[in-house]
Structures are given as structure tokens and as C-alpha cells.
Amino acid sequence: MEYQVKLDQGMINRGNWKKIKECMKKAERGEDITTGFLGGSITQGSLSSTPQTCYAYLVYEWWKKKFPESEITFVNAGIGGTTSQFGVSRVKEHLLSYQPDFVLIEFAVNDEGDETKGDCYESLVRKVLKLPWRPAVVLLFSVFANDWNLQERLQPVGRQYDLPMVSILDAVTPQFSGKEQKRVITKNQFFYDMFHPTNLG
């Protein structure tokens, strides 16, 4: 069954799409594209029933279906329980060495204990943005079952660099609390446990 959420609610900052459009044009020409994902256990696909049912793989699948003439490569650099502080130290080896054209960064539920209060997150984003091949970057803010994440702390980074930002909290949690008249998915359907989404989520 297909569940639709209000995409406009989830897109909390449209940002500058120039790099994304350039990446798409490259794929339209049939050139190779590498999609890269960096984050914690949700990015890794923890508790997904298969590696193909985590959000990162589904985004990769979208690229493949949208641009069948392009050879799309998938690099998932998600590691459970890790923060952007660890991410900034491993991003070169685990992701940037593959020269990704499209990078999605997700640490909105793992950085609570970050002593730098977002400085490491910004350093990570800057490191990716300064790459000589200038990949497209999107920031994703996942959410826990108690409707909590760190997007208020991390949003200023995305706004400073005019990046597209997507909030799962804003996209789906209003219907959990009954604020949405038409509920398309319940909290129990969305979450496997306190921290991780189900395949459906």
C-alpha cells in the first residue's frame, strides 16, 4: 500500500537546487552518478527487513528509475550510534573516496551529546561542499517516536549554505497527534521501536 505524506510540510528549506539540477542533467546525459549517504543507524538501515528497504536505498532506487540511461552507484556510509563528530573524521574514507555526485547527510537524532553543539556538523557539511567536484548536498532530519530531533539546532547550518532540508518530523508527526484531519499512517505503523522506522515508515 502506498502512503502519501505532505511533501511541502517536510521540505523545510528548499535551498538552492543548482547542484541537484546539474547532477540530474548529468544523469540525463547517461553519465555515471554516485549517490552517497552519511548518518547513523537509520541511514544504515537498522531494523529494515532487508538492505533494500532502508530510506537510503529507496532514494538510490528513485535515481535508478528516474534516470535509466545512467549507471547509478550506491554508497551507504551509515553506521549505527555514530555522530557527526565521528562522521567528519570518517567521511573521506567511507564516502568521499567514491566521489559522490549526490550526498544526503542525516544526524538529527544522533547528535544530542555533541559537545560542539553543531560545530562538527557544520564542519562535516563544509567538508562536503568544498570538494572540487561540488556535489549536490541535502540535509535530512529524522525523528524519534517521541516526536524529537535536533533540527532546530542543525537548521541554521543548512540555511547558511542554502541547502535543501527535509524534516521527517514536520512531514509525518502532525498526523500522529491528530492535528491532521486525514491520517495516512499511524505512529505504530511508522516506528519499529522508539528510534527506528519500519519498512513502511
Pair up each side-chain donor or acceptor in residues 23-34 with any protein partner under 3.5 Å, not counting sequence neighbours, and list the distances.
| residue | atom | partner | partner atom | Å |
| --- | --- | --- | --- | --- |
| Lys26 | NZ | Asp101 | OD1 | 2.9 |
| Arg29 | NE | Glu31 | OE2 | 2.6 |
| Arg29 | NH2 | Glu31 | OE2 | 3.1 |

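By the ring-ring contact (aromatic ring centres under 6.0 Å, His included) test, Tyr121 is found to be paired with no residue, residues two or more places apart in sequence or in another chain being considered. Glu22 meets the salt bridge (Lys or Arg N to Asp or Glu O under 4.0 Å) test with Lys19; sequence neighbours excluded. The side-chain contact (heavy atoms from CB on, under 4.5 Å) search around Pro164 returns Trp17, Ile20, Val138, not counting sequence neighbours. Residues forming a salt bridge (Lys or Arg N to Asp or Glu O under 4.0 Å) with Lys66 (at least two apart in sequence, or on another chain): none. Residues satisfying the side-chain hydrogen bond (donor to acceptor under 3.5 Å, both in side chains) criterion with Thr53, sequence neighbours excluded, are Thr50, Asn199. For Gln151, the side-chain hydrogen bond (donor to acceptor under 3.5 Å, both in side chains) partners at least two apart in sequence or on another chain are Asn149, Ser167, Asp170. Listed by chain and residue number, nothing satisfies the ring-ring contact (aromatic ring centres under 6.0 Å, His included) test with Trp62 (two or more places apart in sequence, or in another chain).
Other residues, nucleotides and ligands contribute more than 12 heavy atoms inside 6.0 Å of the CD atom of Gln52. The number of heavy-atom neighbours closer than 6.0 Å to CZ of Arg126, taken from other residues, nucleotides and ligands shown, is 12 or below.
Sorted by first and then second residue, the ring pair (Phe, Tyr, Trp, His ring centres under 6.0 Å) pairs involving residues 73-93 (not counting sequence neighbours) are Phe37-Phe74, Tyr57-Phe74, Tyr60-Phe74. Sorted by first then second residue, the salt bridge (charged side-chain N to carboxylate O under 4.0 Å, His left out) pairs that include residues 41-57, not counting sequence neighbours, number zero. Sorted by first and then second residue, the pairs that involve residues 83-95 and meet side chain to side chain donor-acceptor pair (under 3.5 Å), not counting sequence neighbours, are Ser84-Asp111, Arg90-His94. Screening residues 35-60 for salt bridge (charged side-chain N to carboxylate O under 4.0 Å, His left out) gives no qualifying pairs among residues at least two apart or on separate chains.
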